2 protein chains.
Amino acid sequence: MGIKYTILGLLQYKDMHGYRIKEHIERNFGHMWSINYGQIYPNLKKLEEEGLITMKEVVQNDEKGPPRKLYSITQKGREEFVRWLESSPEKSMILRDPFLMRFVFFGFGDPDRALELIDEQISVYQEQLGRRQANLQRWKHGSIFVNLIAELGTDMNQMILDWLEKARKELVHHFCTDEAGIKKTVKMNEK
Amino acid sequence: MGIKYTILGLLQYKDMHGYRIKEHIERNFGHMWSINYGQIYPNLKKLEEEGLITMKEVVQNDEKGPPRKLYSITQKGREEFVRWLESSPEKSMILRDPFLMRFVFFGFGDPDRALELIDEQISVYQEQLGRRQANLQRWKHGSIFVNLIAELGTDMNQMILDWLEKARKELVHHFCTDEAGIKKTVKMNEK
DNA sequence: CCTCTCATGTAAGACGTTACATGATTCA
DNA sequence: TGAATCATGTAACGTCTTACATGAGAGG
């Protein structure tokens, strides 16, 4: 349901073909969304059938490069887009993270391995934070909304990193001061 | 793929039947995950076929209440669960939010309506924060991992609220000091 | 000519949601 | 008896992912 309107939104900036749309989404939202051709091409076909976009075939003589299909948003498409844009979002946020799913149950596994997995996550998010901060700079010129979304990306990233560090510290402390004195094998290599 | 292991994880605490599992997930993770019978019952059947859990029918004579199917985790199930638990998560976090999806494109809509939608979000997250903080108290006694996850919930909630307030302020400022002087209809009812 | 990138597409399957059907038990 | 709750299930639908098939153009 969402991709449909994302495509419509992008076509308001400029006419595009499927391949470009994917490229654009990946470049700009790649760290938050993923998209693939299995979603794009069927959605473009559907949007055209609904009269929200129109298609123009570009052949080799027109411009260089292989033939492609250029899509433009129609007036009807613009109207439908604004209707959606100004409607209240029906659903709430969903967050799904295979690491967090495991985390809840880490009590059933080896504490050392848990720390290793936390460290893996920390380096993943550190890398990502760097990329997001770079993007933030790249978009300084852009719309206020795009900028704010980019800021949300870094804010969120920072929050997760803070939480991971906090979790790491608490776990090390928890297993080292264990009254039972059983689980003292935990690695002490704190930074 | 995830629900399968969540069920396995819950069955390590105690034997349960499908209805209880749903109840449990909703009570404890309801603000983060949603689950429904269309996922639970087929997954239980599959887990049983794979020999990771076993089923025992409970009829009216055994205990009060309607007949149900009690599932227990097997040794094989425990092993498979730990294998999964200690494996590195294959995928990264996904966050999908219909509000955020709209937000990027708010430049194409009415600024007043954008502010209204932001205010709607703020009240949604304020309510949620209250519930999450209450849960945090309820779980104080629980495992360190469950506690940390609950803390992540409130941290995240707080971060989003901060961001929404920041976004609201910046937008009000942006549209009131607009050089073109066109969009001065923006509501000034700041708190 | 060969390979890489650009470009469009589809089929199969995993995953998730909604809505409904069914029946037992409990309690007013 | 009738309504609410407990409990199990499935069918239809929609979305998302993976993997593959196809082909044109560009550059070495």
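Bear in mind that the values here come from a model prediction, so they are computed numbers and not experimental data. The sequence lines fix the lettering, A, B, ..., with proteins before strands; numbering per chain opens at 1.
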Give a yes/no on whether any side-chain N or O of [X] is located under 4.0 angstrom from OP1 or OP2 of [N].
X	N	value
B:Ser34	C:dG16	no
B:Tyr19	D:dC6	yes
B:Arg20	D:dA7	yes
B:Lys45	D:dT10	yes
B:Gln39	C:dT17	yes

May I ask you to say what [X] touches in the nucleic acid, namely base, sugar-phosphate or nothing, with a heavy-atom cut-off under 4.0 Å?
X	answer
A:Lys91	sugar-phosphate
B:Gly18	sugar-phosphate
A:Ile35	nothing

In whole Å, I'd like the distance from the [atom1] atom of [X] to the [atom2] atom of [N].
X	N	atom1	atom2	result
A:Asn36	C:dA12	CG	P	17 Å
B:Lys4	C:dG16	NZ	C1'	17 Å
A:Ile25	D:dC16	CD1	P	12 Å
B:His24	D:dC6	NE2	P	16 Å
B:Glu57	D:dA7	CD	C1'	12 Å
B:Tyr37	C:dT22	OH	P	18 Å
A:His17	D:dG25	NE2	P	14 Å
B:Tyr41	C:dT22	OH	C1'	12 Å

Q. When you measure from the side chain of A:Arg68, which nucleotide among C:dT8, D:dG25, D:dC16 comes out closest?
A.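 Nearest to the side chain of A:Arg68 among the choices is C:dT8.
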Q) What nucleotide among C:dA7, D:dA7, C:dT10 has an atom nearest to a side-chain atom of A:Pro66? A) C:dA7
Q.
I need the A:Leu11 CG to A:Thr54 OG1 distance, nearest 0.5 Å.
A.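 Those atoms lie 9.0 Å apart.
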**Q.** Residues that A:Asn157 engages under side-chain contact (heavy atoms from CB on, under 4.5 Å), provided they are two or more places apart
**A.** A:Tyr125, A:Gln128, A:Leu129, A:Arg132, A:Leu161
Q: Using heavy atoms to find the nearest nucleotide of DNA chain D for B:Ile94 and B:Lys69 separately, return the residue whose nucleotide is more 5′.
A: B:Lys69
Q) If you find the nucleotide of DNA chain D closest to B:Tyr71 and the one closest to B:Arg96, which residue's nucleotide is nearer the 5' end? A)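 Between the two, 5'-proximity favours B:Tyr71.
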Q. Is the number of heavy atoms from other residues, nucleotides or ligands under 6.0 Å of B:Lys166 NZ greater than 12?
A.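 Yes, because the 6.0 Å sphere around NZ of B:Lys166 holds more than 12 heavy atoms from other groups.
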(Q) Checking B:Lys69 against B:Glu48 for the salt bridge (Lys or Arg N to Asp or Glu O under 4.0 Å) test, could you report, in this order, the C-alpha distance in whole Å, the side-chain angles of both residues, the deciding distance, and whether it holds? (A) CA-CA 12 Å; B:Lys69 295 180 173 180; B:Glu48 202 194 352; over 6 Å; no
Could you give the side-chain donor-acceptor pairs of residues 21-30 of chain B under 3.5 Å, partners two or more places apart or in another chain?
from, atom 1, to, atom 2, distance (Å)
B:Lys22, NZ, B:Glu26, OE2, 3.0
B:Glu23, OE1, B:Arg20, NH1, 2.9
B:His24, ND1, B:Asn28, ND2, 3.3
B:His24, NE2, B:Asn28, ND2, 3.3
B:Asn28, ND2, B:His24, O, 3.2

